[in-house]
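All remarks here apply to the structure that follows.
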Amino acid sequence: MDDTNALIEQRRIKLAALRAKGIDPFMNKFTPDSGCGTARERFERGELPEGTPITVAGRMTAHRDMGKSQFVDVKDVTGRLQIYAQKQALGDELYDVFKHLDLGDFIGARGTLFRTKTGEPSVKLESFTILAKALRPPPEKWHGLEDTEIRYRQRYLDLMANDDVRQTFLLRSAVVKEIRAFFHDRGFVEVETPMMQAIPGGAAAQPFKTHHNALGCEFYLRVALELYLKRLLVGGIDRVFEIGRNFRNEGLSRRHNPEFTMLEAYQAFGDYETMMELVESLVKRVAQNVLGTLVIQHKNSHGEVSREIDLRTWRRVTYRDLVREKAGADWFTVTPAERRRRAIDDLKLGGDIAAGYEDFEVTGAVFEKLVEPTLIQPTFVTHLPRQLVPLAKLSPDDPETVEVFECCINGQEIAPAYTEQNDPVAQRQALEHQAGGEQQKLDEDFLVALEHGMPPAGGLGIGIDRLCMMLLGQESIRDVILFPQLKPKNH
RNA sequence: GGGUUGGUAGCUCAGCGGUAGAGCAGCGGCCUUUUAAGCCGUUGGUCCAGGGUUCAAAUCCCUGCCAACCCA
């Protein structure tokens with residue numbers, strides 16, 4: 001990456017040559033009066049007539065040299081615009097400078113709009129300014145940048161070379177913007193709570209640990225937002241949400257990045273059904289306003305539609321019914337030993353079921369491995385076993401289950417939501433007996449907060465990265481995170 | 001953590017025991033409406049790193065590093 005080669009050497013020589021001519025190819029400022037793509041669109045729509053003077057700026061991404069004239073493509077975030085430079089118009093000296101610009105250089109261009117004989121909207125160049133000289137060559141123009149490692153480590157190259165990648169991240173930003181607008185419209189207050197926590201609560205996950213020098217104590221990076229947002233419910237912020245980074249010190253995969261973006265929202269005087277309406281409305285609004293459709297198509301590398309997700313209908317089904325669909329109608333009537341045997345022998349889950357697994361975990365493995373991946377269309381899975389969810393309230397109609405749902409789309413859990421536990425005594429017991437192995441330290445301050453009284457509330461979490469994967473048709477979480485975690489490389 | 005695949009020019013990739021290759025990019029030339037422009041010429045390499053086998057290794061073997069995918 002930092003080794004020099006002939007191409008870089010050549011560009012440095014060109015830089016020196018420009019300076020020798022009294023040209024500083026790194027400008028402080030240049031103000032275009034239009035975006036490149038914007039100008040192109042407005043010209044196509046007839047809003048800017050032929051001959052309109054225009055000033056644009058962007059990166060030079062292609063050039064077609066015709067001898068005494070030259071076409072170059074200039075690109076900014078709004079799109080591409082062709083510039084037509086003629087020796088006659090610029091004069092010999094300036095035309096020579098223009099001809100020796102490199103792909104990747106930023107230029108500002110002034111001229112008039114016209115249409116070439118092939119119909120391409122273009123700017124007839126009258127003058128130009130070099131805004132930033134690129135000292136390294138850009139990736140190849142036709143194939144783009146394919147090397148996944150360079151794509152992730154040097155995302156800027158990926159963004160400049162691959163239009164679809166840039167589009168994905170622009171859309172991700174639009175998704176997040178729309179989510180914020182949705183919550184603000186419903187009267188939610190956006191807050192920021194600590195990422196560095198003395199006790200990392202709200203989820204059973206391995207935390208990252210850090211040390212605060214001045215305070216002389218250990219902190220953990222948060223694994224969830226939950227416990228601080230609930231403190232705010234206690235404090236009287238009845239509708240509250242946060243979008244922020246969580247950190248989990250666990251494995252990396254197509255669906256897991258150590259830091260990921262979570263949205264959590266809490267609504268006082270709501271419950272899990274309130275949250276069901278909310279998540280459905282939210283996802284529909286985001287899809288409609290960002291993508292313009294409620295039917296999401298995922299495409300494979302050949303551009304064929306490989307999956308279609310219909311956000312118009314949302315199924316509601318209980319956890320038990322789904323497990324019975326996969327594992328047999330009598331699954332819950334046989335003995336725990338028989339369930340374990342069937343899971344291992346009949347359902348081939350031997351590798352997924354640890355010897356120490358309790359009965360509910362055996363069923364949990366069936367759900368996670370065999371049911372969840374099949375839930376492509378929007379599905380609210382309700383009535384989960386209470387052992388799985390220590391922070392939720394029991395279902396009045398079936399106290400073995402809790403008032404929660406997991407919203408699954410695209411074969412992944414996208415949003416869990418609960419009727420939140422607000423009984424401090426029951427909450428303490430549940431945390432003390434928390435299932436799932438890792439006993440987390442009790443957050444006494446949180447329990448004290450509950451003892452001051454938390455209104456009944458519905459709570460919701462949405463994994464923003466996974467939501468984006470679903471909406472934007474990306475198979476890997478790394479393709480919706482600008483700078484995914486990679487091992488540092490030594491040069 | 002285990003398995004599979006990959007790492008060759010700036011980029012995209014061939015080559016898979018016998019002199020290191022192509023396209024694009026670059027450089028020089030021709031061309032004033034091209035758009036993956038075209039034509040002629042040309043530069044460019046620690047073949048990921050380190051060991052080993054061999055008369056000979058980018059190629060076969062081992063170890064390591066990095067990445068992607070699958071599994072845990």
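Protein chains get the first letters and strands the later ones, always in sequence-line order, with residue 1 at the start of each.
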Look at the side chain of [X] and the base of [N], then say whether one donor and one acceptor between them are separated by less than 3.5 Å.
X        : N     : value
A:Ser69  : B:U33 : no
A:Glu120 : B:U35 : yes
A:Gln70  : B:U34 : no
A:Thr116 : B:U34 : yes

Could you tell me the separation between the [atom1] atom of [X] and the [atom2] atom of [N], rounded to a whole number of Å?
X        : N     : atom1 : atom2 : answer
A:Phe71  : B:U33 : CZ    : C1'   : 4 Å
A:Met160 : B:A25 : CE    : P     : 17 Å
A:His256 : B:C69 : NE2   : P     : 13 Å
A:Gln10  : B:G10 : CD    : C1'   : 11 Å
A:Gln82  : B:A36 : CD    : P     : 11 Å
A:Arg136 : B:A9  : CZ    : C1'   : 15 Å
A:Asp102 : B:C27 : CG    : C1'   : 11 Å
A:Ile8   : B:G44 : CD1   : C1'   : 13 Å

Could you tell me which nucleotide pairs with B:C47 by Watson-Crick or G-U wobble geometry, both distances under 3.5 Å, or answer none if nothing does?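 The base-pairing partner of B:C47, which may sit in any strand shown, does not exist here.
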
Using a cut-off of strictly less than 4.0 Å, decide whether A:Lys68 has a side-chain nitrogen or oxygen near OP1 or OP2 of B:C30. no

Under 3.5 Å, which donor-acceptor pairs link side chains of residues 54-64 of chain A to any protein atom two or more places apart or in another chain?
| unit_1 | atom_1 | unit_2 | atom_2 | d |
| --- | --- | --- | --- | --- |
| A:Arg59 | NH1 | A:Gly104 | O | 2.7 |
| A:Arg64 | NH2 | A:Asp73 | OD1 | 2.9 |
| A:Arg64 | NH2 | A:Gln82 | OE1 | 2.8 |

Within the 6.0 Å centroid threshold, strictly below: A:Phe71 and A:Tyr84: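 Judged by ring-centre distance (under 6.0 Å), A:Phe71 and A:Tyr84 do meet the cut-off.
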
Name all residues meeting the side chain to side chain contact (heavy atoms under 4.5 Å, CB included) criterion together with A:Ile150; count only those two or more places apart in sequence or in a different chain, and write none if there are none. A:Leu145, A:Asp147, A:Gln154, A:Leu157

How would you list, by chain and number, every residue that makes a side chain to side chain donor-acceptor pair (under 3.5 Å) with A:Ser253, sequence neighbours excluded?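 Here the qualifying residues are A:His256.
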
Pair A:Arg248, A:Glu250 - check salt bridge (charged side-chain N to carboxylate O under 4.0 Å, His left out), show working. CA-CA 6 Å; A:Arg248 295 188 181 176; A:Glu250 293 163 5; 5.7 Å; no

Polar atoms only, N or O, under 3.5 Å: list the protein pairs with nucleotides 47-49 of chain B and their distances.
none

Summary of ring-ring contact (aromatic ring centres under 6.0 Å, His included) pairs that have at least one residue in residues 361-388 of chain A, sequence neighbours excluded: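 Every pair satisfying ring-ring contact (aromatic ring centres under 6.0 Å, His included) with a residue in residues 361-388 of chain A: A:Trp314-A:Phe380, A:Tyr319-A:Phe367, A:Phe380-A:Phe405.
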
Say you pick atom P in B:U4 and the same atom in B:C60; how far apart are they, in whole Å? 15 Å

With nearest nucleotides of RNA chain B determined for A:Tyr84 and A:Glu146 from heavy-atom distances, which residue corresponds to the more 5′ nucleotide?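 Its nearest nucleotide being more 5', the pick is A:Glu146.
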
Checking the side chain of A:Thr52 only, and the main-chain atoms of A:Pro49 only, is there a donor and an acceptor separated by less than 3.5 Å?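 Here the side-chain-to-backbone pair exists.
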
Look only at the side chain of A:Ser476 and the backbone of A:Arg478, and say whether a donor-acceptor pair between them is shorter than 3.5 Å. yes

Hey, could you give me each pair passing salt bridge (charged side-chain N to carboxylate O under 4.0 Å, His left out) that has a residue in residues 298-309 of chain A? Not counting sequence neighbours.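 Of all non-adjacent pairs touching residues 298-309 of chain A, none passes salt bridge (charged side-chain N to carboxylate O under 4.0 Å, His left out).
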
Between A:Asp359 and the options A:Gln387, A:Arg339, A:Arg340, the side chain to side chain donor-acceptor pair (under 3.5 Å) test singles out A:Arg339

Enumerate the residues from residues 32-61 of chain A whose closest heavy atom to RNA chain B is under 4.0 Å, giving them by residue number; use none for an empty result.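 The answer is none.
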
Report each atom pair, protein N/O against N/O of nucleotides 37-42 of chain B, whose distance is under 3.5 angstrom.
| unit_1 | atom_1 | unit_2 | atom_2 | d |
| --- | --- | --- | --- | --- |
| B:A37 | OP1 | A:Lys141 | NZ | 2.1 |
| B:A37 | OP2 | A:Arg64 | NH1 | 3.3 |
| B:A37 | N6 | A:Asp65 | O | 2.9 |

Cut-off 3.5 Å, side chains only: do A:Thr333 and A:Asp330 have a donor facing an acceptor? no

Residue list, ring-ring contact (aromatic ring centres under 6.0 Å, His included) with A:Phe247, at least two apart or on another chain: none

Using the ring-ring contact (aromatic ring centres under 6.0 Å, His included) criterion, which residues pair with A:Tyr95? Sequence neighbours excluded.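 A:Tyr95 satisfies ring-ring contact (aromatic ring centres under 6.0 Å, His included) with no residue once adjacent residues are dropped.
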
Listing time: all N or O pairs from protein to nucleotides 64-68 of chain B that are below 3.5 Å?
| unit_1 | atom_1 | unit_2 | atom_2 | d |
| --- | --- | --- | --- | --- |
| B:C66 | OP1 | A:Lys487 | NZ | 2.8 |
| B:C66 | OP2 | A:Lys487 | NZ | 3.4 |
| B:C66 | O3' | A:Arg153 | NH2 | 2.9 |
| B:C66 | O2' | A:Glu149 | OE1 | 2.9 |
| B:C66 | O2' | A:Glu149 | OE2 | 2.2 |
| B:C66 | O2' | A:Arg153 | NH2 | 3.4 |
| B:A67 | OP1 | A:Lys487 | N | 2.7 |
| B:A67 | O4' | A:Glu149 | OE1 | 3.3 |
| B:A67 | O2' | A:Thr148 | OG1 | 2.9 |
| B:A68 | OP1 | A:Arg478 | NE | 3.1 |

Stepwise salt bridge (charged side-chain N to carboxylate O under 4.0 Å, His left out) test for A:Arg115 and A:Glu50: CA-CA 7 Å; A:Arg115 195 182 288 281; A:Glu50 185 125 0; 5.3 Å; no

For A:Asp102, enumerate each residue passing the salt bridge (charged side-chain N to carboxylate O under 4.0 Å, His left out) test, keeping only those at least two apart in sequence or located in another chain. A:Lys14, A:Lys133

